[in-house]
Number of protein chains: 2
Amino acid sequence: MREWVIGAAQLGAIQKSDSREAVVGRMIALLDQAAAKGCDLVVYPELALTTFFPRWYMEDQAEVDTWFEREMPNAATQPLFDRAREHEIAISFGYAELTPEGRHFNTSILTDRQGHIVGKYRKVHLPGHVEYDTERDFQHLEKRYFEPGDLGFETFDNEDTLMGMCICNDRRWPETWRVMGLQGVELVMLGYNTPSINSQNRGEGLEKRLYHSELSVTAGAYQNATWAVAVAKAGVEDGFPLMGGSIIVDPDGFVVARTETESDELVTATCDMDRCQFGKQTIFDFARHRRVEHYGRITSQTGVKR
Amino acid sequence: MREWVIGAAQLGAIQKSDSREAVVGRMIALLDQAAAKGCDLVVYPELALTTFFPRWYMEDQAEVDTWFEREMPNAATQPLFDRAREHEIAISFGYAELTPEGRHFNTSILTDRQGHIVGKYRKVHLPGHVEYDTERDFQHLEKRYFEPGDLGFETFDNEDTLMGMCICNDRRWPETWRVMGLQGVELVMLGYNTPSINSQNRGEGLEKRLYHSELSVTAGAYQNATWAVAVAKAGVEDGFPLMGGSIIVDPDGFVVARTETESDELVTATCDMDRCQFGKQTIFDFARHRRVEHYGRITSQTGVKR
């Protein structure tokens with residue numbers, strides 16, 4: 001399938017006390033809306049099943065683990081998989097993954113239109129910090145609760161379209177997009193939980209935060225000639241505001257659909273995958289134009305070296 | 001010096017028949033304006049001394065070589081260097097360079113405020129094609145007349161500020177920005193000659209072309225927490241339109257100055273280099289957040305591989 005009707009299924013706030021079952025009910029409601037609009041694929045946010053728990057400092061690992069899923073699908077999410085299969089809609093969403101080996105990842109999965117998981121991604125660029133930080137307005141403890149993803153940026157053939165995933169902070173790193181671009185990616189899906197306030201610079205403001213998110217996604221789409229879908233968990237979670245601004249972006253880097261609220265909200269776009277070809281064959285024909293002999297620092301050093 | 005008043009000195013059209021002396025006269029007029037506004041640094045476009053000659057198909061190498069400079073400064077440009085030294089203004093501009101060994105590069109240089117050349121860059125990402133292309137609305141023969149730059153993306157300490165350069169099409173490649181970002185760059189200067197029309201897609205339109213240029217520069221600045229100055233040669237050269245849209249961009253990716261015409265035009269901004277620090281120390285602290293183990297494709301392969 002080369003022409004996909006895609007839904008960006010933004011979720012509003014999920015409070016600490018909300019059950020996974022309640023959230024899955026909201027996700028199914030959005031899925032039904034998507035079916036009515038003819039969607040073939042619906043993308044949900046990062047950590048879609050729970051509140052953004054990395055804002056809470058926890059020392060008890062058993063408590064931490066209550067925020068994680070030990071299998072997927074599981075009892076709470078099975079109804080979502082079932083409904084998606086009924087509608088013949090592929091889905092992608094994020095969740096906290098606890099592996100049988102006891103490893104913790106910030107993960108997202110992709111299904112085909114028959115409800116089979118055909119792709120998994122584990123977040124590579126974890127923002128934030130490990131220990132309680134008294135300098136911040138609030139905590140962002142992703143580096144405490146997750147280890148960096150070990151799967152890299154794979155792409156997956158889903159009914160003749162090449163799809164990839166990344167999560168939240170990954171979108172700000174051009175390396176994320178390029179590694180998928182170098183596989184010929186045609187659709188990048190990502191979810192995010194982005195505080196409306198910079199915990200280290202209160203003056204930054206919502207408008208600037210939205211701009212930076214959109215700038216990163218539109219540049220990544222344009223420079224790799226790929227469709228992109230970026231989906232927020234938004235709204236005020238137990239007093240902490242998350243921004244919205246979910247977008248669907250075409251392979252020219254233009255926003256073609258955008259949410260307007262900070263609540264549960266679906267926006268859709270018809271995405272012709274063949275529109276990726278012009279960019280990939282002309283200005284971003286990597287084989288003709290890239291000069292890897294001058295890119296060495298990108299892989300040979302991590303931090304700044306003069 | 002950590003606070004620079006920077007001028008983006010856009011040039012309007014240069015016709016095929018215009019002499020270098022006439023163009024240098026226009027560049028000096030902009031320099032005098034810049035001095036009156038207190039500028040410490042003025043950035044001019046790519047191939048600032050001549051028309052954008054790669055639009056013309058030539059088979060006679062002697063004719064091609066008439067568009068190149070064999071030394072810098074030379075008789076035509078010495079008055080610009082002299083005036084810059086008088087004003088104590090550092091300058092950067094682009095020109096076609098023919099080396100003593102007979103090599104051809106699309107080059108830009110940077111001087112200090114005493115008129116000494118302290119940095120040189122040779123364009124790495126050459127767009128266009130080698131042979132006459134009957135499919136295009138007009139020719140873009142950079143791959144015919146230049147070889148790819150051999151100097152990489154170096155940075156230069158200019159009075160306690162770390163400066164780098166790239167040229168035109170380089171700005172669309174995130175690798176360009178990242179290689180300089182990994183050296184801690186604080187100011188990226190670039191000139192461009194960008195046709196207002198896509199020679200392979202007439203429907204694209206000026207607005208889209210301006211958007212793509214600005215998107216690339218603002219994303220590069222934001223994602224590397226660096227100032228950026230992007231300067232056009234604009235206007236209609238012998239019937240062929242070049243876009244304007246010269247901008248100065250802050251390390252948050254926001255445009256702080258922008259030209260409004262397609263003619264000779266100076267815009268300025270006061271650029272505090274210490275404003276790069278917040279981004280470099282937080283969200284884009286490369287040492288803490290980059291995961292080079294997943295970036296391998298960026299340097300190990302040139303084109304797309306599934």
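On a predicted model such as this, the values are computed, not experimentally measured, just so you know. Convention: sequence-line order gives letters A, B, ...; per-chain numbering from 1.
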_Tell me if the aromatic rings of B:Tyr211 and A:Tyr222 count as close, with their centers under 6.0 Å from one another._
no
*Can any side-chain N or O of A:His294 pair as donor or acceptor with the backbone N or O of B:Thr176 at less than 3.5 Å?*
no
_B:Phe278 versus chain A, the contacting section by heavy-atom distance below 4.5 Å_ = side chain
*Most contacts with chain A, counted as non-hydrogen pairs under 4.5 angstrom, among B:Gly149, B:Gly220, B:Ala287, B:Gly184*: B:Ala287
_Can you confirm whether B:Tyr132 is buried at OH, in the sense that more than 12 heavy atoms of other residues, nucleotides or ligands lie under 6.0 Å from that atom?_
no
*Check whether A:Leu162 gets within reach of chain B through its side chain, its backbone, both or neither, counting any heavy atom under 4.5 Å.*
side chain
*Shortest non-hydrogen separation from A:Arg172 to B:Phe284 and the atoms involved*: O-CE2, 3.7 Å
_Atom pair CG/CD of A:Leu215 and B:Glu214 - distance to nearest 0.5 Å_ = 9.5 Å
*asked:* I need the B:Thr282 OG1 to A:Arg136 CZ distance, nearest 0.5 Å.
replied: 8.5 Å
_Gap between atom CG of A:Asn198 and atom CD1 of B:Ile283 - 0.5 Å precision_ = 7.5 Å
*Look up atom CZ in A:Phe254 and atom CD in B:Glu207, then write down how far apart they are to the nearest 0.5 Å.*
7.0 Å
_Positive for side chain to side chain contact (heavy atoms under 4.5 Å, CB included) with B:Leu182, one of A:Arg306, A:Gln301, A:Lys305_ = A:Gln301
*If only atom types and distance count, is the side chain of A:Arg290 paired as donor or acceptor with the main-chain N or O of B:Trp173 below 3.5 Å?*
no
*Nearest heavy-atom neighbours spanning A:Val292 and B:Ile298*: CG1-O, 3.6 Å
_Verdict with supporting geometry, B:Val124 and A:Glu293, side-chain contact (heavy atoms from CB on, under 4.5 Å)_ = CA-CA 10 Å; B:Val124 163; A:Glu293 67 272 28; over 6 Å; no
*asked:* Under 4.5 Å from any heavy atom of chain A, what part of B:Asp252 do you find: side chain, backbone, both or neither?
replied: both
*asked:* Below 4.5 Å, heavy-atom pairs only: which of B:Lys208, B:Lys143, B:Gln200 has the largest tally toward chain A?
replied: B:Lys208
*asked:* Can you tell me which of B:Gly128, B:Pro148, B:Pro127 forms the most heavy-atom pairs within a distance under 4.5 Å of chain A?
replied: B:Pro148
*Top contributor to chain A contacts, counting heavy-atom pairs under 4.5 Å, from B:Arg297, B:His212, B:Gln223*: B:His212
*A:Thr299 versus B:Tyr295, closest heavy-atom pair with distance*: CG2-O, 3.4 Å
*Looking at B:Gly181, B:Ser300, B:Gly253, which makes the most heavy-atom pairs under 4.5 Å with chain A?*
B:Gly253
*Top of A:Pro174, A:Gly152, A:Ser216 for chain B proximity - count of heavy-atom pairs under 4.5 angstrom*: A:Pro174
